[in-house]
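What follows is a set of notes on a single structure, which appears directly below.
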Amino acid sequence: MLELLLCSLVTILPDYLYRRYRQGKRFGKEITFFSVWHELRWGITGCLMLTIALITMIFYYHPSTTSAAIYFRTVPILPEVAGRVAEVNVGYSAAVKMGDVLFRLDNTKQQAALETAKRKVAEVDASLASAQADIVKAEAQVGEAKAAWQQAKDELDSKSELQRRNPGIVPQRDIEKLQVAVNQRQAVIDATNAARETAGLRVSTLLPAEKASAEAAMAEAQVDLDKTFIRAGVDGRVEQFTLRTGDVVNQMMRPAGILIPEGAGRRVLQAGFGQIEAQVMRRGMIAEATCISKPWVIIPLVVTGVQDYIAAGQFRSGEQLLDPQALRQPGSILAFLEPLYAGGLEGVTPGSSCIVNAYTSNHDVIADPKTGALKGFALHVVDATGLVHALLLRIQALLLPVKTLVLSGH
């Protein structure tokens, strides 16, 4: 309607002024309800054509959308293990910090496993102390065996020397017995050395490996026990948390609740523009928005990103061929907008629906010396028509509470 009124000022009004003051025709006399089309046909036709062209230019170069909202990410609260809830530490809605325990599952089995693992570590430590004592014992036995071998060897050497000097003074049988005793003492030395090496291997290799395995099992049991304590992964707020003691939670069944990260939905506004505006939407464009949760306020924004893909064209591979006729709903160009000034989205409730206008600016092209006068004038016209859209957005912001509360049957 505003475009029609503006166009009529340069089409219908001059036509009427020409008829009135040049031809002397007046409303109610020569120009009546039945002859207005014949008398002002040039002005009316020009007004309609100019209005259509103006509306097309405005909506193409200065796109607008009502499909805009401040989306925010939610984190599902899912336990890594299934179990029955034993304790709940938060209410229906509460602010939480990263690491806070939200609820605890029944962990009797995990505590028993952890206690068993701790006892196994203590058992290995006791075995290590016992093995170290065995080493000391084996070393003493080695010394004792060497002393017995030395004694037998000395006696054998002494009697062998006597037998060499005075043959027959020492019976050959006694010498043979002493030789057997020396060999026996040597075997005892070898056995005690082997026992000492075995004890040393247990202390240096076997028992440390068993202790490492026991400690790994204890750490695994501790991890399983920690999994029964479900904690907040980020700072944020728990909303609609209806979990209560006695409930059974499982990843395959349902999440235990929803955690909204701190600051979610406070920085970026997402808006979907028509596909025809894909060539117009650019990063750095100035935009404005008005949101239902913050009426009568115009929020200046800047386009910080434009998605290169249209979500309506995506598909998942399956057992059926893709039929393009199934694409009934045209997709949108998703644009990301951030406040032009700090705190611009303050007071806007995350998830709120908004109306967004984006404005094309050709200032750099117009300022370029290579741009001709005619082209510069045309680009000035394009930029100037953004004022009409800005005025329409302010009218929408003014009427939005009335439309929502009164005209929508609230």
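Source: prediction; values computed, not measured.
Side chain of Thr385 to main chain of Val382: a donor-acceptor pair is present (N/O by atom type, distance under 3.5 Å, no hydrogens or angles). Panel note: side chain Thr304, backbone Phe336; a donor-acceptor pair is recorded below 3.5 Å. Panel note: side chain Arg84, backbone Gly246; a donor-acceptor pair is recorded below 3.5 Å. Remark: the backbone N or O of Thr360 is paired with a side-chain donor or acceptor of His62 at under 3.5 angstrom. At least one donor-acceptor pair closer than 3.5 Å links the side chain of Gln270 to the backbone N or O of Tyr71. Between the side chain of Gln111 and the backbone N or O of Thr108, no donor-acceptor pair lies under 3.5 Å. At least one donor-acceptor pair closer than 3.5 Å links the side chain of Asp235 to the backbone N or O of Met98. Between the side chain of Thr74 and the main chain of Leu259, no donor-acceptor pair closer than 3.5 Å is present.
Looking only at side-chain heavy atoms (C-beta outward), Asp100 and Arg231 stay at 4.5 Å or farther from each other. By the 4.5 Å heavy-atom criterion applied to side chains, Ile58 and Ile55 are not counted as neighbours. Counting only heavy atoms from C-beta outward, the side chains of Ile70 and Val268 never approach each other to under 4.5 Å. Residues Asp383 and His380 have side chains not in contact (no heavy-atom distance under 4.5 Å, counting atoms from C-beta outward).
Under 4.0 Å is where a charged nitrogen must lie from a carboxylate oxygen, and between Glu123 and Arg119 no such pair does.
With respect to Leu102, the side-chain contact (heavy atoms from CB on, under 4.5 Å) criterion is satisfied by exactly one of Asn89, Ile77, Leu243: Ile77. If you run side-chain contact (heavy atoms from CB on, under 4.5 Å) between Leu340 and each of Val302, Ile299, Leu301, only Val302 comes through.
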> Would Val348 and Val297 satisfy side-chain contact (heavy atoms from CB on, under 4.5 Å), going step by step from the backbone distance to the final call?
Replying inline: CA-CA 10 Å; Val348 181; Val297 175; over 6 Å; no
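Listed here is the closest heavy atom pair of Gly272 and Thr65: O-OG1, 2.7 Å. Contact detail for Ala358 and Met285: the closest heavy-atom pair is CB-CE, 3.9 Å. Summarising the geometry of Ala335 relative to Phe273, their closest heavy-atom pair is CB-CE1, 4.0 Å, with the distance given to 0.1 Å. Residues Ser93 and Glu239 approach most closely at OG-OE1, 3.0 Å, considering heavy atoms. Residues Leu269 and Cys354 approach most closely at CD1-SG, 3.7 Å, considering heavy atoms. Pro295 approaches Pro401 most closely through the heavy-atom pair CB-CG, 3.6 Å.
A perpendicular orientation is assigned to the rings of Phe59 and His389, their planes being inclined by more than 60° (bins at 30° and 60°).
Within the structure, the salt bridge (Lys or Arg N to Asp or Glu O under 4.0 Å) test picks out the following pairs touching residues 208-222 (sequence neighbours left out): Asp125-Lys211. Within the structure, disulfide (SG to SG under 2.5 Å) pairs that include any residue of residues 358-407 do not occur (at least two apart or interchain). The disulfide (SG to SG under 2.5 Å) analysis of residues 59-103, with sequence neighbours excluded, yields no pairs.
Here Leu379 contributes atom CG and Lys375 contributes atom NZ; the two are 6.5 Å apart, rounded to the nearest 0.5 Å. Lys120 NZ to Met218 CE: the interatomic distance, rounded to the nearest 0.5 Å, is 13.5 Å.
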